[in-house]
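These notes concern the structure reproduced below.
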Amino acid sequence: MSARPPVAAYRGPHAFGDDLRRLVNLTYTLAANDFKLRFFGSALGYLWSLMRPLLLFGVLYFVFTEIVRFGAGVENYPVYLLASIVLFTFFSEATGRGVISLVERETLLRKIRFPRMVVPLSVALHALFNLGLNLIVVFTFVFAAGIEPRWSWFQMLPLVLLLVVLATGTTMLLSALYVRYRDMQPIWEVVLQILFYASPIMYVAASFPDNVERAAMANPIAAVLTQMRHALIDADAPTAAEAIGGGARLAIPLLVTAAVFGLGVYVFMREAPRIAEDL
């Protein structure tokens, strides 16, 4: 059995291509077309993108306020629960769809030469479109709860950006690996379930003992949700820096995010020239 040729021996397109403007245009076009086609012919159209987080919010809100009462003592718990679900849904959607994105585009990848990075980037952008719609609902609940606007709301921009970087890096990594290892999809479904329950969505990070709270905050999603609560909902709630034990320790979730993104780029660039051959 002959050894596999090195990457340089393949003539497939590279990950980013030679024209950044073309990469951006193709990414936006593919994401916009997917966004339109997803709801084509449905009666409610784009409202369907709001249904999943709202239904999940309704079920969890009833269970954790009327039965288990996780939300007792948490200021504006319904708003926090909805905002947390919306942010996690973005991460789940981007990475969940991203795993199989290259395989779904098999015909396109085999017939057309274009930067392979367009595929996972368009999946992340598509999920970001949905996040934008869902955040409108979140802010509707924020105003309905009587929360007054303040400058800290602008912190939502870097928080969403951090989540986008994490989701995009994960999507690049998983999509490249799935081409050769089809076990990645069921494995990632289990990982998403673990992340959902391990992240402070149904509860707040402050409900943990201090040592557990600091360890849990190494999870970038936990750090984002904790800071979101302070910035958007309750100014008296602990910041992510306080929850992790000091501002310097915030470098941990930031480094995790950077490492995931860097690994995603590296693996995708390594696999990109031979993706069509491996499909």
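Looking at heavy atoms from C-beta onward, Asn130 lies out of side-chain contact with Phe90 at the 4.5 angstrom threshold. Contact check for Val99 versus Thr171: no side-chain heavy atoms found under the 4.5 Å cut-off. You'll find the side chain of Pro238 reaches within 4.5 Å of the side chain of Arg229, heavy atoms only.
A donor-acceptor pair shorter than 3.5 Å can be found between the side chains of Ser199 and Asn219.
Partners of Thr95 under the side chain to side chain donor-acceptor pair (under 3.5 Å) rule, at least two apart in sequence or in another chain, are Trp188. A search for side-chain contact (heavy atoms from CB on, under 4.5 Å) contacts involving Tyr266 returns Arg270, not counting sequence neighbours. Residues that satisfy the side-chain contact (heavy atoms from CB on, under 4.5 Å) test with Leu254, not counting sequence neighbours, are Leu162. Every residue two or more places apart in sequence or in another chain that forms a side chain to side chain donor-acceptor pair (under 3.5 Å) with Gln155 is listed here: Gln227. In this structure Asp234 satisfies the side chain to side chain donor-acceptor pair (under 3.5 Å) test with no other residue, sequence neighbours excluded.
Relative to the ring axis of Tyr178, Arg182 places its NZ or CZ within 45° and under 6.0 Å from the centre.
Within a 6.0 Å radius of OH in Tyr28, no more than 12 heavy atoms belonging to other residues, nucleotides or ligands are found.
Put simply, Leu174 and Phe91 are part of the same group of oily side chains (I, L, V, M, F, W, Y) that touch within less than 4.5 Å, one to the next. One hydrophobic cluster, built from ILVMFWY side chains closer than 4.5 Å, holds both Ile221 and Leu131.
A pairwise comparison of heavy atoms in Ala222 and Ala216 identifies CB-O, 3.6 Å as the closest pair.
Side chain of Ser122 to main chain of Thr27: no donor-acceptor pair is present (N/O by atom type, distance under 3.5 Å, no hydrogens or angles). Side chain of Tyr77 to main chain of Met202: a donor-acceptor pair is present (N/O by atom type, distance under 3.5 Å, no hydrogens or angles).
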List the atom pairs, with distances to 0.1 Å, where a side-chain N or O of residues 189-198 and a protein N or O form a donor-acceptor pair under 3.5 Å, not counting sequence neighbours.
none

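A salt bridge between Glu271 and Arg180 is present, with a side-chain N of the basic residue lying under 4.0 Å from a carboxylate O of the acidic one.
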